Structure formats: structure tokens, C-alpha cells
Amino acid sequence: MSIVIDANTLSLVFCPTPNDDFGPIKEWVVQGAGRIVVGGTKYKEELRRVSQALRFVNELNKIGKVLIVSDHDVDRLEEGIKKIVSPKCDDPHLIALIGVSRCPLICSRDKRADEFLSDCNLYPWKTFRPKIYKGKRHADKLLINENANAKCFCDSSHNPNFEKFLENCFKNLQT
């Protein structure tokens, strides 16, 4: 399984000394079958601001532990999501990254984002909703080999559901 790591937890996941709550993700990715999903202009900007994490992600990429999703596709979906989501949502880029990749897991401490991350209506796949990792209490359920082997799709933008969803986002703006 792959995981999207929100900027608010990047430094906790990739700190040199293991963090009790977020160290299990680092271990799962480095020593296990986990991978990190990266994509979209805004997400990459946030990643660059956490230089320690950026260096670590670059090293993980060299060993095939990073799934890179099309920036163009994530940015297009982000723009569509901004049209339909409440202004309270400040993470449409994460929803878009999850929506394009269909990544089933996100690591975040942002409680304000939970309602948006869990809203099936914000994804091109009607019944899709990612699981949210908030700390080590979730490690035993989420960071397991069965989930690590789950396929993460990064070609979602070629699916008719994706284009129809985007079309509806912009249509809702006009009505």
C-alpha cells in the first residue's frame, strides 16, 4: 500500500530519531512494503519546505519507495475540488493527490481536514474514502503487508469517471 504524508507530519515521520506516533510509517516504508505517494505542485512545494523530509524522500525514490503521480493531473483535480469544497478546506491538494492516485491511506494530524478527506463526494470514485493514520494506535490495523500489497492506481485521470467528475465540478460553479 502507498501512503500520502501531509506536510504537518513530514518532519515527524522523517526525523532522525524515531517518533512514537509516526516512526512506524518510516519503518514500514524503509524496511517494509510501504511506499510514499508524491504529486501536484502544491504538495511538492510543501515537501520542499521540509528539507529534512525532502532529502529522505529523494533517497527513498532512488530505491523505488516513492510513487510519483502526474503533477498536471493532480493540479487539474485540485482546481475542480476547490470549486465544490467549502472555503474551510485548506487541503484540496491532498484530496486531489488521493483522488488521482486512489491512494487508500493518508497520514495527517489535521483534524479540520478529516471531514473533507472522508467525504466520498470529493473523489471521482463514488464509494472511495481513504483511511487516516493519526498515530501508532493505527499502525497495527493499517501498516500491514496485506495493505502494502494493495494496488495504488496512478493512472486515474484516464478513467472516464475522472473526466466526468472534473466536468461536474466546473459545471456546479456555473449553476
Side-chain angles (χ1 to χ4, degrees), residues 1-14 19 21-22 25 34-50 53-54 57 66-138 141-143 147 150 152-175:
M1 179 196 274
S2 298
I3 187 167
V4 170
I5 303 174
D6 191 352
N8 66 30
T9 57
L10 280 168
S11 62
L12 296 172
V13 171
F14 297 116
N19 176 287
D21 277 327
F22 299 97
I25 291 175
R35 294 183 305 164
I36 297 169
V37 177
V38 174
T41 304
K42 177 147 178 155
Y43 185 83
K44 286 183 175 177
E45 285 172 11
E46 290 183 349
L47 182 59
R48 277 191 283 278
R49 285 189 214 127
V50 187
L54 179 61
V57 169
V66 177
L67 175 64
I68 300 173
V69 179
S70 163
D71 292 344
H72 174 74
D73 293 340
V74 174
D75 293 348
R76 281 179 58 215
L77 186 54
E78 179 184 357
E79 287 307 311
I81 289 168
K82 286 179 181 177
K83 306 294 183 197
I84 62 171
V85 77
S86 159
K88 293 188 315 185
C89 178
D90 62 357
D91 288 323
H93 62 290
L94 294 176
I95 297 165
L97 179 55
I98 293 166
V100 171
S101 67
R102 291 183 80 176
C103 181
L105 183 58
I106 180 167
C107 173
S108 177
R109 292 187 317 167
D110 187 355
K111 291 180 183 176
R112 295 172 304 135
D114 289 359
E115 71 176 283
F116 302 108
L117 292 169
S118 299
D119 186 349
C120 293
N121 296 313
L122 297 179
Y123 300 100
W125 329 105
K126 295 295 180 202
T127 59
F128 178 78
R129 148 182 331 171
K131 296 174 181 140
I132 304 171
Y133 181 101
K134 293 202 169 283
K136 67 180 176 184
R137 67 189 179 280
H138 296 123
K141 288 189 277 183
L142 300 178
L143 306 179
N147 286 339
C152 183
F153 302 95
C154 60
D155 60 352
S156 296
S157 63
H158 303 292
N159 187 302
N161 289 345
F162 182 85
E163 293 300 330
K164 186 175 182 180
F165 180 81
L166 273 178
E167 190 178 300
N168 287 337
C169 289
F170 289 102
K171 188 186 303 180
N172 287 339
L173 178 68
Q174 298 167 351
T175 56

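Any value given below was found using the heavy atoms of this structure, including those in side chains, with hydrogens, waters and symmetry copies removed. As the structure is a prediction and not an experimental result, all values here were calculated from the model.
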**Complete:** The reported gap from NZ in Lys134 to CZ in Phe22 (rounded to nearest 0.5 angstrom) is 8.0 Å
**Message:** Please give me the minimum heavy-atom distance between Asp119 and Asn121, naming the atom from each residue.
**Reply:** OD1-N, 2.9 Å
**Asked** Are Glu46 and Val50 close enough that some pair of their side-chain heavy atoms sits under 4.5 Å apart?
**Response** no
**Complete:** Value for CZ (Phe14) from CG (Asn19), rounded to nearest 0.5 Å, stands at 12.0 Å
**Asked** How far does NZ of Lys111 sit from CD1 of Ile132, to the nearest 0.5 angstrom?
**Response** 12.0 Å
**Request:** Measure the spacing between CG of Leu122 and CD1 of Ile81 and express it to the nearest 0.5 Å.
**Result:** 6.0 Å
**Item:** Lys/Arg N to Asp/Glu carboxylate O, Asp21 vs Arg109, below 4.0 Å
**Value:** no
**Where Gly40 and Asp71 come nearest, the two heavy atoms and their spacing** = N-OD1, 2.8 Å
**Asked** Tell me, do Asp90 and Arg112 make a side-chain contact under 4.5 Å, heavy atoms counted?
**Response** yes
**Asked** Are any side-chain N or O atoms of Tyr123 and backbone N or O atoms of Leu117, one a donor and one an acceptor, separated by less than 3.5 Å?
**Response** yes
**Request:** List the atom of Ser2, the atom of Leu67, and the distance in Å for their closest heavy-atom pair.
**Result:** OG-CD2, 4.3 Å
**Request:** Test side-chain contact (heavy atoms from CB on, under 4.5 Å) on Lys88 and Glu115 and set out the steps.
**Result:** CA-CA 11 Å; Lys88 293 188 315 185; Glu115 71 176 283; 4.0 Å; yes
**Any donor-acceptor N/O pair, Arg129 side chain to Ser118 backbone, under 3.5 Å** = yes
**Message:** Using the side-chain contact (heavy atoms from CB on, under 4.5 Å) definition, which of the options Leu105, Ile68, Val69, Val100 pairs with Val37?
**Reply:** Val69
**Request:** Check whether any side-chain heavy atom of Arg76 lies under 4.5 Å from a side-chain heavy atom of Glu79, and answer yes or no.
**Result:** no
**Request:** Would you mind reporting whether Ile36 and Val13 have side-chain heavy atoms less than 4.5 Å apart?
**Result:** no
**Message:** Has Asp6 got a side-chain atom pairing as donor or acceptor with Leu94's backbone, closer than 3.5 angstrom?
**Reply:** no
**Prompt:** Is any side-chain heavy atom of His93 closer than 4.5 Å to a side-chain heavy atom of Val74?
**Reply:** no
**Prompt:** Minimum heavy-atom separation for Pro130 to Cys103, with atom names?
**Reply:** CB-O, 3.9 Å
**Item:** Thr9 side chain to Ile5 backbone, donor-acceptor under 3.5 Å
**Value:** no
**Request:** Check whether any side-chain heavy atom of Asp91 sits under 4.5 Å from a side-chain heavy atom of Phe116, and report yes or no.
**Result:** no
**Message:** To the closest 0.5 Å, what do you measure between CZ (Arg49) and CG (Leu54)?
**Reply:** 12.5 Å
**Prompt:** How many angstroms lie between atom CD1 of Ile3 and atom OG of Ser108, to the nearest 0.5 angstrom?
**Reply:** 10.5 Å
